[in-house]
Every structure is written in structure tokens, then in C-alpha cells.
Undergrad: 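Below is the structure I would like to discuss, written out as C-alpha cells.
Owing to the predicted nature of the structure, the values given are computational and were not obtained by experimental measurement. Numbers restart at 1 for each chain; the letters A, B, ... are given by sequence-line order, proteins then strands.
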Number of protein chains: 2
Amino acid sequence: MKLITRDTDYALRALVFIARSMDRVVAVTELVQELGIPRFFLRKILQLLHKKGLLKSFKGKGGGFILNRLPQELSLLQVMGVFQGRFSLNECLLKKHLCPNIRTCILKKRIKNIESYVARELEAITIASLIKKYART
Amino acid sequence: MKLITRDTDYALRALVFIARSMDRVVAVTELVQELGIPRFFLRKILQLLHKKGLLKSFKGKGGGFILNRLPQELSLLQVMGVFQGRFSLNECLLKKHLCPNIRTCILKKRIKNIESYVARELEAITIASLIKKYART
DNA sequence: ATCTAATGATACTATATTTGTATCATTAGT
DNA sequence: ACTAATGATACAAATATAGTATCATTAGAT
Ligand code: FES
Ligand code: FES
């Protein structure tokens, strides 16, 4: 089972490419050619990133997208948030019959700990950290 | 987005209940009454747990299930494995165009680290640790 | 032996999510 | 006016999740 869905994946790649293009406006056509993502699907993804404020868009001829955040403030966690909602393991594993001590439930605490660890790590994976470390072919 | 699906969830509750019943054979009917899980769905789940060797089953009148593992050697990770397959974030986020240094890819390493952390934690959540800490109502 | 209450195996159905397509309106550069 | 881009929105296909149903097999009880 995968934690990261395809749209998150595609979005991340597009964002990395756009970030590398600095302040140049990048059109969908270019991204499709570079990344090999189905055109209409990618458009929908970029439109959503725009609606959520992660991208700035320009309509009309010569239009396209640029980042609307600093690369160091744009994380994988945020991108996942856009397409997959908030990450969690599961609300409550042992319902009332099996786990009466809701206040002191240690299992719940352990689950929350895992969740926040993962969230922290995914937040640390920023676009900036990705464009720094990898050169283009 | 939830990491744990319903069948894993149900399976865990059933296993906890069965573990608490010690060496007594527990039938589906009893579990349905206690846990309020749809009968046929629960049957399918238990049959799969049996096929995967986590439960021992007894057919015929007075039949049912008992654990086929020591509670301290039966973890949430194993149960998830049965119903959801191996947990992973995503194979490779930035394919060859964006991430040419496959051998030294730091992103990949970070992702693997998150995965193995989560796996370790989920393995530490054993049935034994659950039946010890919570009394029945 | 027969009845009965349990699981084994397997196929089917329904619902939700993921993934992808298509169309028309709007905008802006030339 | 023409053209090349995104915005909004609806539609459709594929897959995964959740749940049902049926018949065969087994073993205890009488
Ligand atoms: S598992 Fe939900 S309160 Fe303990
Ligand atoms: S992300 Fe796949 S090799 Fe770097």
C-alpha cells in the first residue's frame, strides 16, 4: 500500500521543474513534454495547486505557472495535503468495548506519535531541498 | 487519508478479543455480538487470517478460532501486511529526468528512513501490548 | 446414522476513490 | 480578430474497498 498517490507524485515533479525554471513562466505543454504526464490530468493538478495558492498562474498567450511560495517553504506535506487531505493512521483502533480508558489510552498516544513524526519528516522534504541536491540531466 | 483500512482495523479488534479469551475457542457469532462487525465480512477476514497462519481454526460444532501466534509475536504491522500488503510511501518520486543520481539519491534515502521508522513502530504495537494495558468493560 | 452448528472456498455486488478525458468560457499577447 | 494559454466544470474509466451470499466440508451431540 502506497502512502503517496499519483496526483501528489505528479504535482511534486511539476513543482520541482517549475522551481528550477526560476521566475520563468512555465506552460503545461512544456511540463507535459518534460515529464510525460497525461496533459489533461496535469492541467487539473496545476489548476488545483493554483486554487490552493501554491502556484501563481498567468492566462492568455505566453501564460503558464510560477511558484507562489518560496521553495524552502513548500513541502511534500503541503502537496500531500492538497490532494490527499490530512494524513492519519486511523481515528481509534479499539473502540469503546475494547479500550475503555479513552483519556489515558496509550495506543492512541503511540499512534499520534507516529503520525506527528511522519508529518515532521514530510515537512522537512521541501522543494528547495530537492532542487539543491539534484542537477538536471 | 487513512493508513489503516477497515479490514485491518476489524482484524485487530477480533485478534485482541480472541487473545483475551486465552485458549478458549471463539466463534464468529460471539465476535459479531461483541464487536458489531458485519458477520460475512468478519468471516472473510478471519478466514484470511487463518489462511495466512495467524489464526488456528476448528470446524464443526463448537468450532471457531484461537491465536496461532504468541500475542507478543503478533503485531499491527503483520496484520496490515495481510490486508494491505507491504507499507511504502512511493517507489520513486522524481523519476530519471529530475533525479539522475539514483545511486546516491538522498530523497530516496529519507523516504526509506521514514518507512522503516513506521514499520518498526507498527511492529512494536503487539497484541500482547494491547491486552495488557486495557481491561475489558 | 443423522442433525446441527460451525468454518472453507469462492463468487458476486455495491460503493468509493483514483486516474484520466473532454468541453467551453475567459484572458492576454500579437 | 487570431491564437495560445489557463479557469471551471462535467464526465468516464479503472481500481480498490467494503460488504453479501451460497454451497461444500467438518465434527460434536443425540
Ligand atoms: S484505541 Fe481508541 S481510545 Fe484507545
Ligand atoms: S527520487 Fe527516485 S532516485 Fe531519487
Undergrad: Short of 4.0 Å, heavy atom to strand atom, which residues of residues 43-61 of chain B count as contacting DNA chain C?
TA: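 Of all residues in residues 43-61 of chain B, the ones placing a heavy atom under 4.0 Å from DNA chain C are B/R43, B/Q47, B/H50, B/K51, B/S57, B/F58, B/K59, B/G60, B/K61.
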Undergrad: By the definition side-chain contact (heavy atoms from CB on, under 4.5 Å), identify the one residue from A/L54, A/D23, A/L49, A/L55 that meets it with A/L67.
TA: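 The option that passes is A/L55.
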Undergrad: Find the distance B/K2:NZ to C/dT18:P and express it as a whole number of Å.
TA: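 Rounded to whole Å, this separation is 12 Å.
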Undergrad: Quickly, which of A/D7, A/T8, A/L15, A/V28 forms a side-chain contact (heavy atoms from CB on, under 4.5 Å) with A/I45? Name it, please.
TA: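 Of A/D7, A/T8, A/L15, A/V28, side-chain contact (heavy atoms from CB on, under 4.5 Å) with A/I45 is met by A/D7 alone.
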Undergrad: Please determine whether a side-chain nitrogen or oxygen atom of A/Y10 lies at a distance below 4.0 Å from atom OP1 or OP2 of C/dG20.
TA: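 Yes.
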Undergrad: Starting at CE of B/M1 and ending at C1' of C/dA16, how long is that distance when rounded to a whole Å?
TA: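 Roughly 13 Å, once rounded to whole Å.
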Undergrad: For the pair A/N90 and B/T5, evaluate side chain to side chain contact (heavy atoms under 4.5 Å, CB included) and give the outcome as yes or no after the intermediate values.
TA: CA-CA 8 Å; A/N90 197 323; B/T5 53; over 6 Å; no
Undergrad: Which nucleotide in the set D/dT20, D/dT6, C/dA6 lies at the smallest distance from any side-chain heavy atom of B/P38?
TA: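 The answer is D/dT20.
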Undergrad: When you measure from the side chain of B/R69 to the backbone of B/G53, do you find a donor-acceptor pair of N or O atoms at a distance under 3.5 Å?
TA: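 Judged by distance alone, yes, a pair lies under 3.5 Å.
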Undergrad: With respect to A/M1, which candidate in B/M80, B/Q84, B/R86 satisfies the side-chain contact (heavy atoms from CB on, under 4.5 Å) definition?
TA: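 That would be B/Q84; it is the only one of B/M80, B/Q84, B/R86 passing the side-chain contact (heavy atoms from CB on, under 4.5 Å) with A/M1.
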Undergrad: In terms of side-chain geometry, is the basic nitrogen of A/R24 or A/E30 positioned less than 4.0 Å from the acidic oxygen of its partner?
TA: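 Result for this pair is yes, salt bridge flagged.
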Undergrad: Test your reading of the model: is there a side-chain donor-acceptor pair from A/R13 to the backbone of A/I37, 3.5 Å cut-off?
TA: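 No; zero donor-acceptor contacts below 3.5 Å.
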Undergrad: I need the residues from residues 73-89 of chain B with at least one non-hydrogen atom less than 4.0 Å from DNA chain C; give them sorted by number, or say none.
TA: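 The answer is none.
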Undergrad: Closer than 3.5 angstrom, by distance alone: can the side chain of A/Q78 be matched with the main-chain N or O of A/E73 as a donor-acceptor pair?
TA: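 Answer holds: yes.
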Undergrad: Without decimals, in angstroms, what is the distance between B/F40 CZ and C/dG8 C1'?
TA: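 These atoms are roughly 14 Å apart.
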Undergrad: Could you check whether any side-chain N or O of B/S116 sits under 3.5 Å from a backbone N or O of B/K112, counting only pairs where one atom can act as donor and the other as acceptor?
TA: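 Between the backbone of B/K112 and the side chain of B/S116 there is a qualifying donor-acceptor contact (under 3.5 Å).
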Undergrad: Would you mind reading off the distance between B/R39 atom CZ and C/dT7 atom P, rounded to a whole angstrom?
TA: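 Nearest whole value for this atom pair: 7 Å.
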Undergrad: What N/O pairs connect the protein and nucleotides 14-16 of chain D at under 3.5 Å? Give each pair on its own line.
TA:
none

Undergrad: Would you check, one step at a time, whether the test side chain to side chain contact (heavy atoms under 4.5 Å, CB included) holds for A/L35 with B/L98?
TA: CA-CA 9 Å; A/L35 306 175; B/L98 294 164; 3.8 Å; yes
Undergrad: Tell me the interatomic distance from B/F41, atom CZ, to C/dC12, atom P, rounded to whole angstroms.
TA: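 That distance rounds to 19 Å.
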Undergrad: Taking B/L89's backbone N and O only, do any of them form a donor-acceptor pair with B/E115's side chain (distance below 3.5 Å, no angle check)?
TA: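 Yes, the answer is positive, given that a donor and an acceptor are paired below the 3.5 Å cut-off.
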Undergrad: CZ of B/R6 versus C1' of C/dA14: gap in Å, rounded?
TA: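 About 13 Å, once rounded to whole Å.
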